[in-house]
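A short write-up of the structure that comes next.
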Amino acid sequence: MAAVLAVAGLLFGLLGAGPAAAQDSDSAPQSERLAAALRVNPVYITDQLPRRVPRSTAPEFAAQARRMPVPTYVLLLPDQNLGSDTLLGTVHDRLGRDGLYVLIGTLGVADARAFGVTAPAEDATAIALYALPYDAGPLRSFQEFTDAIVSGPRKAAARAEQLRKKYGGSDREVHAFYPDPVDRENQGFVTGMALLGVPLSVLLLGWFVRRRLTAGPLPDRPVQLTKSAGGKAPTGKPPAGRKSGSAKGTSAAAGKGLAGGAPSGAAPGRRFGRGLLRRPELGAAVLLAVLIGVGAPQLFDQTRDSAAAPPTKADLTARVDRVAAGLRQAPVYTDPESPNPLDAAGLAGLERRIAAFTPGPVRIAVVPQLSDDESGGDSEVFVTALHQRLGKDGVYVIADPMTGIIDAFDYGLRLKDGFSYSLPTAISYDDPSDTAADHRLGERLDQLMTYFDGVPKADTPAQGPDRPAPPVDDNRLPGLYHGDFWPGLLVGALGAGLLLGLTALCWVTGAVVRRRRHAPVRTPVRPSAAYLQRTARQEVEALSGAFSQPSADPAAPSRTRVWNCLDAAVLLSSPQDASPADLTAALVLARAGRAALAGGDYRFVCEINPLHGPAATSPPPPRSGRRPGGSGSGRRHLCAACRVTPHPLTLPAPDGSRIPYEQAGGPLPAITAGIDRLIERTREYASVQ
């Protein structure tokens with residue numbers, strides 16, 4: 001405010017006192033009035049951009065100007081003044097002082113000229129243009145410009161040439177300094193997707209992989225399951241001369257555990273801890289969620305969407321105070337920062353017509369309406385503030401020298417319609433076909449006074465607009481966990497489910513392809529109790545259904561063997577609480593029975609892992625330096641795979657650990673002696689007479 005009054009006082013002092021001096025000042029060209037401002041202070045900051053470049057930041061620009069090795073004069077003006085290539089030259093001629101003249105707009109340094117001094121003005125301007133993004137702001141741009149001048153002509157020329165080659169004439173740009181609100185919404189959306197989608201994907205994929213490792217792949221051939229009513233034992237009858245297992249034996253088998261006794265569970269706390277150890281994906285998911293939740297605000301740490309500093313109250317009232325002060329001196333005020341559309345003769349004639357208007361006073365403000373000014377570019381907001389500051393009724397006219405738009409508002413006079421929306425188009429707007437730089441404002445303002453003379457009287461005084469100023473954007477970005485963050489969570493969950501579905505589809509497709517190509521089927525070496533229970537009962541039911549089909553020779557030896565396998569498998573798998581060892585034995589017996597029924601009878605299974613199926617008929621030739629069978633060479637019966645790389649079978653124990661199948665209770669360890677011995681041991685185990 002003090003700087004504004006000082007400039008106004010100097011202008012009035014140079015051109016004389018009173019209304020005549022004000023008239024001469026208002027008719028002076030733009031360059032002369034800007035030169036007068038630079039005589040007061042070599043750094044002039046407009047008061048028309050408080051929302052983009054508050055005038056209170058003038059000391060920071062002045063500090064950068066003092067770093068210059070030569071006298072420096074700075075003009076920060078609205079962008080409408082940047083199109084002239086002669087503005088700095090005419091201001092220098094009016095001021096009459098040599099030095100470096102710099103013109104700055106809302107995006108940064110726009111032009112610089114050196115008069116009578118040596119300074120790399122052109123190279124420094126190129127550096128300020130190419131080295132910074134568009135949102136760096138005027139102050140940061142002027143700092144870059146100053147650094148280039150201080151570095152000297154040689155360094156400035158080299159850097160400017162490098163930047164011109166890199167960015168000049170191309171679409172490449174320096175990455176923006178500040179995200180806009182849309183960018184913040186995108187950041188929140190991505191954070192939400194990652195915060196839920198990544199940990200959930202780890203959980204689901206970990207569960208799927210662990211289940212596949214314990215449950216095994218698809219069976220090697222389709223299994224047609226058949227159940228009798230109520231899920232009872234197989235309906236086939238044993239061959240003549242054989243007895244089936246009794247219910248007593250079945251109930252006895254149900255009471256056996258892995259170690260020959262009832263399983264005893266571990267304490268709940270210990271089971272929970274061991275469960276976490278057996279499921280590392282839980283810990284990984286929690287860790288990832290914490291890392292994303294804490295790391296996202298560190299990655300997206302921006303808090304503002306612009307380089308603009310928040311304006312003070314004085315910044316937001318400086319221009320209104322300036323215009324009001326000018327209108328107190330004379331009925332017409334022209335903006336000193338804009339091209340002047342009124343010469344001395346036109347201004348004098350317009351004031352005479354205003355003085356002759358008898359209904360009341362007319363005040364004309366020739367000032368631009370900008371989106372970054374205190375009124376946000378709304379002439380009704382500006383005239384409301386101007387009327388409140390002057391406190392006088394009358395006709396207020398706002399003429400924009402940049403666009404040529406004229407608005408008139410009636411406060412308190414008895415004139416029809418109050419002018420707000422009733423001015424003729426030819427007066428309110430310039431003819432689009434007219435190319436006059438001043439939009440014929442002088443001529444159209446004279447037409448406006450003629451229009452006022454013909455306006456009829458109204459019965460009541462007019463009430464001009466009463467519009468408050470729009471709120472000032474504080475440039476603060478919303479929080480990261482806001483807005484689109486919540487839809488991001490939903491998309492993350494859907495993405496995790498989609499990833500699980502794609503993984504399962506790929507696994508199933510691969511398993512089908514492998515089966516069709518007759519690839520060897522892998523059998524789990526660490527099956528879960530659930531897998532054993534499910535698979536054993538499926539195999540037993542499949543064998544029962546196949547055995548129930550009519551046969552050409554019911555008394556054939558193969559039918560007897562199938563029945564023996566089926567009978568023993570039912571005894572072991574029927575109890576609801578059958579142990580993992582009993583279910584494993586039932587599974588081995590059911591598969592042996594199905595093989596016998598299909599004509600592929602075998603007597604021995606792999607001793608390393610009975611679930612691998614029949615043992616190889618003869619061992620392969622030994623490799624150099626190794627005995628046949630590797631670590632399992634001491635065993636008599638091995639499958640082909642375990643002769644190369646043993647895959648021993650372990651079963652779940654009651655305490656949550658795993659034990660080799662040979663150490664389990666029940667008849668399962670007898671499998672090393674063959675299928676027949678396993679059947680005998682099963683009947684003894686079930687107390688069959």
Next on the checklist: Please evaluate residues Gln187 and Arg184 with respect to the criterion side chain to side chain donor-acceptor pair (under 3.5 Å), reporting the C-alpha separation (whole Å), side-chain torsions for both, the decisive distance (0.1 Å), and the verdict.
Outcome noted: CA-CA 5 Å; Gln187 291 171 354; Arg184 175 45 56 93; 2.8 Å; yes
Checklist entry - Is a donor on one side and an acceptor on the other found under 3.5 Å between the side chain of Asp407 and the backbone of Ile398? => result no
Checklist entry - Does Thr334 reach the main-chain N or O of Val332 with its side chain, forming a donor-acceptor pair under 3.5 Å? => result no
Checklist entry - Do the side chain of Thr384 and the main chain of Pro465 share a donor and acceptor less than 3.5 angstrom apart? => result yes
Next on the checklist: Within a 6.0 Å radius of atom CZ on Arg328, are there more than 12 heavy atoms belonging to other residues, nucleotides or ligands?
Outcome noted: yes
Item to check | Aromatic ring pairing Tyr101/His92, orientation class (parallel under 30°, perpendicular over 60°, tilted between) | outcome: perpendicular
Next on the checklist: Does Arg322 qualify as a cation-pi partner of Tyr333, given the criterion of NZ or CZ under 6.0 Å from the six-membered ring centre and within 45 degrees of its axis?
Outcome noted: no
Item to check | Heavy-atom donor-acceptor pair, Arg55 side chain to Ile45 backbone, under 3.5 Å | outcome: yes
Checklist entry - Can Ile149 and Thr72 be said to form a side-chain contact (heavy atoms from CB on, under 4.5 Å), step by step? => result CA-CA 11 Å; Ile149 296 292; Thr72 303; over 6 Å; no
Checklist entry - Between the main-chain N or O of Gly377 and the side-chain N or O of Ser371, is there a donor-acceptor pair closer than 3.5 Å? => result no
Checklist entry - Is a side-chain donor or acceptor of Arg444 paired with a backbone partner of Gly404 at a separation under 3.5 angstrom? => result yes
Checklist entry - When you look at Thr90 and Asp93, which way does the side chain to side chain donor-acceptor pair (under 3.5 Å) test go after all the steps? => result CA-CA 5 Å; Thr90 54; Asp93 294 341; over 6 Å; no
Next on the checklist: Using side-chain heavy atoms (C-beta onward) and a distance below 4.5 Å, is Pro341 in contact with His439?
Outcome noted: no
Item to check | Arg353 and Thr450: side chain donor to acceptor below 3.5 Å | outcome: yes
Next on the checklist: So does Pro133 get a backbone contact from the side chain of His175, meaning a donor-acceptor N/O pair under 3.5 Å?
Outcome noted: no
Next on the checklist: Take a 6.0 Å sphere around OH of Tyr178 and say whether it holds more than 12 heavy atoms from other residues, nucleotides or ligands.
Outcome noted: yes
Checklist entry - Just wondering, are more than 12 heavy atoms of other shown residues or ligands nearer than 6.0 Å to CG in Asp301? => result yes
Checklist entry - Would Leu415 and Val395 count as a side-chain contact (heavy atoms from CB on, under 4.5 Å) if you check the C-alpha gap in whole Å, the side-chain angles of each, and the deciding distance to 0.1 Å? => result CA-CA 9 Å; Leu415 299 177; Val395 176; 4.0 Å; yes
Next on the checklist: Angle between ring planes, Tyr411 versus Tyr396, binned at 30° and 60°: parallel, tilted or perpendicular?
Outcome noted: perpendicular
Checklist entry - Is there a donor-acceptor pair under 3.5 Å between the side chain of Ser151 and the backbone N or O of Ala148? => result yes
Checklist entry - Would you find a donor on one side and an acceptor on the other, under 3.5 Å apart, between the side chain of Gln447 and the backbone of Ile427? => result no
Checklist entry - Any luck finding a side-chain donor-acceptor pair between Gln162 and Arg159 under 3.5 Å? => result no
Checklist entry - Any sub-3.5 Å donor-acceptor pair from Asp378's side-chain atoms to Ser375's backbone N or O? => result no
Checklist entry - Hey, what's the ring geometry for Phe142 with Phe145, parallel, tilted or perpendicular (30° and 60° as the breaks)? => result parallel
Next on the checklist: Using side chain to side chain donor-acceptor pair (under 3.5 Å), reason through Asp335 and Gln48 one step at a time and then give a plain yes or no.
Outcome noted: CA-CA 10 Å; Asp335 180 50; Gln48 302 196 74; 3.1 Å; yes
Checklist entry - What is the ring orientation for Tyr167 with Tyr130, classed by angle as parallel under 30°, tilted 30 to 60°, or perpendicular over 60°? => result parallel
Next on the checklist: Just to verify, which of Arg154, Arg164, Lys155 counts as forming a salt bridge (Lys or Arg N to Asp or Glu O under 4.0 Å) with Asp123?
Outcome noted: Arg164
